[in-house]
Amino acid sequence: MILTLKALSALLTYPDEELGRGAAEIEEALRDEALLDGPAIEGLRPLLAELGGRDLFDLQERFVLLFDRSRSLSLNLFEHVHGESRARGQAMVDLLETYRAGGYEPAGPELPDHLPMLLEFLASRPLDEAREVLADTVHILVTLCDRLDRRQSPYAPVFAALASLAASPPAAEALAEIAAHPEDDPEDLAALDAVWEEAAVTFGPDPNAGCPAGRELLSRMGPPAQPPAWAGGGS
């Protein structure tokens with residue numbers, strides 16, 4: 001079990017009382033495993049402190065505003081590459097099959113490309129393999145980090161930490177492609193309604209054989225293994 005990925009996954013979940021109580025344990029796990037350097041862990045301390053001490057309603061409201069209302073900050077990775085296209089749907093079908101082949105059955109309403117879910121899965125993989133998969137998504141991680149940093153969000157260091165664990169830096173072309181997509185304002189409800197009025201993701205065969213980004217990500221994964229439980233397990 002790669003405890004660092006498990007811990008970072010927890011930090012990107014909807015805040016609740018259990019997460020707040022476990023903030024100190026998360027920091028301890030990060031320091032004990034020592035995959036992140038000291039500055040990276042220090043960067044996470046403001047978020048950990050808030051999760052452990054700030055009003056829960058405020059934490060939940062902020063989380064929804066950032067990651068649910070703002071499409072440009074979505075935690076669903078394929079959203080940033082293919083939006084709601086059919087190609088994204090096929091890629092998620094493939095990813096879900098990979099999870100299940102390893103005995104990992106995602107729970108809850110989240111889509112298979114939800115970042116915390118992927119991190120839960122990668123936490124059970126060999127470190128080198130997990131780094132390669134993170135490298136396939138590092139352009140998304142860096143972009144989200146930059147966008148959150150401009151908002152002075154304490155969540156930005158989580159994405160910086162994940163990017164630092166990737167096996168390679170992002171390609172400039174991939175970064176430019178994502179940066180070309182306009183950022184949305186989560187407080188502009190009329191604009192958000194217009195953005196979300198698109199076709200839903202279709203889970204089914206794709207005549208174009210699926211999403212290239214999804215195939216690249218999946219190609220990094222060997223025969224999956226059963227992920228051990230940690231801090232409650234699941235996604």
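What you are looking at is a predicted structure, and each value in this text was computed from that prediction instead of being measured. The first residue of the sequence shown is numbered 1, and numbering continues consecutively from there.
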### Task
May I ask whether V138 and L75 are part of the same hydrophobic cluster, defined by side-chain heavy atoms of I, L, V, M, F, W, Y residues being less than 4.5 angstrom apart, directly or through others?
no

Check against side chain to side chain contact (heavy atoms under 4.5 Å, CB included), Y14 and V64: CA-CA 8 Å; Y14 184 71; V64 170; 3.8 Å; yes

In terms of heavy-atom contacts, L118 and Y99 come closest through CA-OH, 3.4 Å

Exercise for the section: Report whether L12 and M117 are members of the same hydrophobic cluster (ILVMFWY, side-chain heavy atoms less than 4.5 Å apart, transitive linking). Expected result: yes

Residue pair K6, I26: steps toward the side chain to side chain contact (heavy atoms under 4.5 Å, CB included) verdict: CA-CA 9 Å; K6 181 77 175 180; I26 287 173; over 6 Å; no

d(E28 CD, E25 CD) to nearest 0.5 Å is 7.0 Å

Scanning both residues in full, the closest heavy-atom pair of L66 with S70 reads O-CB, 3.0 Å

query: Are I140 and F159 close enough that some pair of their side-chain heavy atoms sits under 4.5 Å apart?
result: no

Atom CD of E105 with >12 non-hydrogen neighbours under 6.0 angstrom: yes

Should the pair E18-R21 be classified as a salt bridge under the 4.0 Å nitrogen-to-oxygen rule?
no

Handout entry: D113 (side chain) donor-acceptor with F78 (main chain) under 3.5 angstrom
Key = yes

Residue set satisfying ring pair (Phe, Tyr, Trp, His ring centres under 6.0 Å) with Y155, at least two apart, ordered chain then number -> F67

inquiry  = So does A166 get a backbone contact from the side chain of R131, meaning a donor-acceptor N/O pair under 3.5 Å?
reply    = no

Is the shortest side-chain heavy-atom distance between R62 and P154 below 4.5 Å?
yes

**Message:** Using modelled atom types and a 3.5 Å cut-off, is there a donor and acceptor pairing between side-chain atoms of S153 and backbone atoms of D149?
**Reply:** no

| Any side-chain heavy-atom pair from L165 and T4 closer than 4.5 angstrom? | yes

Would you say L175 and L141 are hydrophobically clustered, going by side-chain heavy atoms of ILVMFWY under 4.5 Å? no

Closest heavy-atom pair, H80 versus S74, reported as atoms and distance to 0.1 Å, is NE2-O, 2.7 Å

Run the side chain to side chain contact (heavy atoms under 4.5 Å, CB included) test on L96 and M92 for me, step by step, so that the C-alpha distance in whole Å, both residues' side-chain angles and the decisive distance to 0.1 Å come before the verdict.
CA-CA 6 Å; L96 183 60; M92 287 193 290; over 6 Å; no

Of all heavy-atom pairs linking A167 and A135, the shortest is N-CB, 3.8 Å

Taking side chain as C-beta onward, heavy atoms only, is R151 less than 4.5 Å from L73? yes

Note: S9 and P116 closest approach over all heavy atoms is OG-O, 2.8 Å

Result for side-chain contact (heavy atoms from CB on, under 4.5 Å) between I2 and one of L122, L8, L127 points to L127

**Study point:** Flag, side chain of R147 to backbone of S72, donor-acceptor distance under 3.5 Å
**Key:** yes

Side-chain contact test, heavy atoms from C-beta onward, threshold under 4.5 Å: evaluate it for L11 versus L51 and give yes or no. yes

CG (L30) and CD (E27) are apart, to the nearest 0.5 Å, by 7.5 Å

Point to revise | Minimum side-chain heavy-atom gap L115-N76 below 4.5 Å | key: no

- Message: Using the rule that Ile, Leu, Val, Met, Phe, Trp and Tyr join whenever any side-chain heavy atoms are under 4.5 Å apart, tell me whether L35 and L5 fall into a single cluster.
- Response: yes

Correct closest heavy-atom pair for L59 and P15 would be O-CG, 3.9 Å

Over 12 non-hydrogen atoms of neighbours within 6.0 angstrom of CZ in R45
no

When rounded to the nearest 0.5 Å, the distance separating CD of E42 from CG of L48 is 10.0 Å

With heavy-atom distances below 4.5 Å as the criterion, would you say the side chains of D37 and I41 are in contact?
no

(message) Determine whether a donor-acceptor pair (N or O, by modelled atom type, separation under 3.5 Å) exists between the side chain of D16 and the backbone of L19.
(response) yes

Interatomic distance, NE2@H114 vs OG1@T13, rounded to 0.5 Å, equals 8.0 Å

Could you walk me through whether L119 and L162 pass the side chain to side chain contact (heavy atoms under 4.5 Å, CB included) check?
CA-CA 10 Å; L119 295 177; L162 287 169; 3.7 Å; yes

Are E61 and F57 close enough that some pair of their side-chain heavy atoms sits under 4.5 Å apart? yes

